[in-house]
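Predicted model, so just to flag it, every value in this text is computed and none were measured. Values below: every heavy atom of this structure, side chains too, minus hydrogens, waters and symmetry copies. Per chain, numbering begins at 1; letters A, B, ... match sequence-line order.
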Number of protein chains: 2
Amino acid sequence: MESNKPKTKNRENSCDSKPVFFNLLNDEQLNAVNANRFVVNFKAGETIVKQSSALTHILYIIQGKAKILLEGSEGQTILLKILKQPDVIGGPGFNTDYRHYFTAVALEDTKACFVDVNLFKRLVLSNQPFAMNLIAYLNREIINLYDKLKCLTHKHMNGRLADTLIYLSNDVYQNPEFTTKLSRSDIANMSCMTNESAIRTLKDFKDNGIIDFKGDYFKILKRDVLINISKKG
Amino acid sequence: MESNKPKTKNRENSCDSKPVFFNLLNDEQLNAVNANRFVVNFKAGETIVKQSSALTHILYIIQGKAKILLEGSEGQTILLKILKQPDVIGGPGFNTDYRHYFTAVALEDTKACFVDVNLFKRLVLSNQPFAMNLIAYLNREIINLYDKLKCLTHKHMNGRLADTLIYLSNDVYQNPEFTTKLSRSDIANMSCMTNESAIRTLKDFKDNGIIDFKGDYFKILKRDVLINISKKG
DNA sequence: AAATTAATATGATATATATCAGCTAATACC
DNA sequence: GGTATTAGCTGATATATATCATATTAATTT
């Protein structure tokens with residue numbers, strides 16, 4: 001596998017959830033992975049894995065970014081998170097019914113490495129630290145979902161959009177200013193509100209000098225105010 | 001450990017998430033658990049574990065029921081689920097920061113068996129099926145949380161309350177009629193709405209002949225209608 | 001049994017947010 | 001290069017749900 005430096009994650013109330021599985025393999029196991037793995041290039045907008053389809057491989061992102069979408073039965077979608085190197089696209093189908101429980105779409109041109117899920121399972125069974133690391137990773141996922149549940153049920157639009165902006169700036173782009181391929185409607189889906197509401201709330205933040213944006217360029221001007229809005233709901 | 005028959009779970013879009021860890025132990029491991037474990041009796045309303053406190057034991061419910069609550073910073077609570085034998089009260093603090101990420105409160109008089117978390121960790125490390133089972137369990141938890149997220153963000157009050165009633169009848173009491181120690185405000189917290197809204201929506205269902213209730217007694221009259229309300233949102 | 005408290009219920013009102021409609025700017029296509 | 005199409009934006013309106021106030025009933029306590 002490619003290099004795999006764990007990154008620090010500053011998001012409020014959530015601990016670092018980067019998976020470092022592949023760091024824990026011994027030479028033999030690493031060779032098995034390298035013999036088995038293959039790399040696929042996705043263009044921006046292409047679907048990497050589709051919800052409900054069979055989970056046959058665990059993916060490791062080498063380059064680019066992927067949107068993780070929860071699709072509802074009526075066409076609604078929640079944009080759960082954005083993954084990038086060294087994140088793993090696996091999902092809760094592993095070791096259950098081996099189906100994908102989310103759709104992953106390339107946000108930009110993205111390179112991902114496919115590892116057969118049966119090999120991955122063998123690694124879990126044969127390598128205790130690998131298994132323990134996976135358990136820790138799943139638990140951190142659960143913690144993040146608890147936070148997301150609280151956020152969505154207890155916070156109003158301002159708070160939810162503030163959370164999204166903080167997440168993008170802190171975790172995804174790691175910069176107070178960033179140019180993104182996310183559309184307004186992606187930002188709305190991340191914050192669980194309509195398109196129009198997201199646009200209106202963004203404009204409101206801009207009018208109040210909290211952020212600036214033009215097209216796909218965004219800049220966090222008053223991070224502390226944004227954090228405060230997030231806290232107040 | 002006590003007997004541990006897996007139960008079938010009929011809930012929409014969610015697979016059986018009963019943990020069957022302790023079935024997978026060999027004699028030696030079972031002896032270690034039995035030598036280490038101790039049983040505590042909780043009266044209805046007593047706190048079993050408190051959010052943010054140290055996770056020192058994994059609990060196995062022998063008798064009774066426990067409400068699992070996510071507490072927000074501003075006093076808001078989400079009632080996530082209700083656990084009963086043979087459910088395990090562990091939580092995502094295991095193998096991460098060893099803190100509790102929810103509060104568990106005895107809904108009725110409840111008996112739980114405490115297993116030291118270090119012993120539990122040793123079991124995970126020394127017993128592959130046990131570890132794989134834990135991973136499957138965590139993934140099912142994640143699947144349930146995905147469903148919960150979709151439910152809360154895409155469904156209106158009718159749909160959310162219908163989900164709660166179906167859950168209580170199918171999973172918790174396994175009977176179309178039941179007497180519960182859950183208050184109206186518990187039901188509201190399960191459905192993520194205010195007290196008043198829960199009461200109003202319950203009355204609405206009653207007026208339409210979908211359910212009947214009086215005090216703490218509930219009866220599902222038209223399960224199919226309820227399921228339809230849940231689907232429509 | 002009376003008195004206090006808490007839980008449940010109901011109505012009136014406020015508010016957050018979605019929906020609908022129209023409009024502008026940017027991008028894709030012929 | 002001009003037209004078509006999509007994404008972004010704005011305003012008016014509708015609706016779901018929370019909030020507040022106030023009964024009513026049930027559960028405790030005295």
Report task. Using heavy atoms to find the nearest nucleotide of DNA chain C for A:K214 and A:M193 separately, return the residue whose nucleotide is more 5′. Result -> A:M193
Query - A:F120 and A:H57 aromatic centres sub-6.0 Å - result: no
Report task. Grab the CE-P distance between A:M157 and D:dA16 for me, whole Å please. Result -> 17 Å
Report task. Tell whether A:R200 reaches the base of C:dT19 with its side chain through a donor-acceptor pair below 3.5 angstrom. Result -> yes
Query raised in the report: Whole Å only: how far is the OH atom of A:Y217 from the P atom of C:dA26?
Result: 17 Å
Report task. To the nearest Å, give me how far apart NE2 (B:H154) and C1' (C:dT17) are. Result -> 15 Å
Query raised in the report: A:D204 CG to D:dG11 P: how many Å, rounded?
Result: 13 Å
Query - A:L168, A:L165, A:I78, A:L161 screened by side-chain contact (heavy atoms from CB on, under 4.5 Å) with A:M190, the one that passes - result: A:L168
Requested in this report: Would you check if the side chain of B:N189 reaches a backbone N or O of B:T77 as a donor-acceptor pair within less than 3.5 Å?
Outcome: yes
Requested in this report: Nearest whole angstrom, please: distance from the P of D:dT17 to the NZ of B:K155.
Outcome: 13 Å
Requested in this report: Considering just the side-chain nitrogens and oxygens of A:T194, establish if one lies under 4.0 Å of OP1 or OP2 belonging to C:dA18.
Outcome: yes
**Report entry** Given D:dT10, C:dA9, D:dA16, the nucleotide with the shortest approach to the side chain of A:I199
**Finding:** D:dT10
Query raised in the report: Per the atom types in the model, does the base of D:dC9 pair as donor or acceptor with the side chain of A:E196 at under 3.5 Å?
Result: no
Query raised in the report: Separation of B:D216 atom CG from C:dT8 atom C1', in whole Å?
Result: 12 Å
Report task. Please indicate whether A:K206 has more than 12 foreign heavy atoms, meaning atoms of other residues, nucleotides or ligands, lying under 6.0 Å from its NZ. Result -> yes
Query - Nearest-angstrom distance from the residue atom NZ of B:K203 to C1' of D:dT24 - result: 14 Å
Report task. Ignoring backbone atoms, establish whether B:S197 has a side-chain N or O less than 4.0 Å from OP1 or OP2 of D:dT17. Result -> no
Report task. Report yes if the distance between the aromatic ring centroids of B:Y146 and A:Y101 is under 6.0 Å, otherwise no. Result -> no
Query - Interatomic distance, B:F213 CZ vs C:dA7 C1' [rounded to whole Å] - result: 13 Å
Query raised in the report: More 5' along DNA chain D: A:S183 or B:N158, using each one's nearest nucleotide?
Result: A:S183
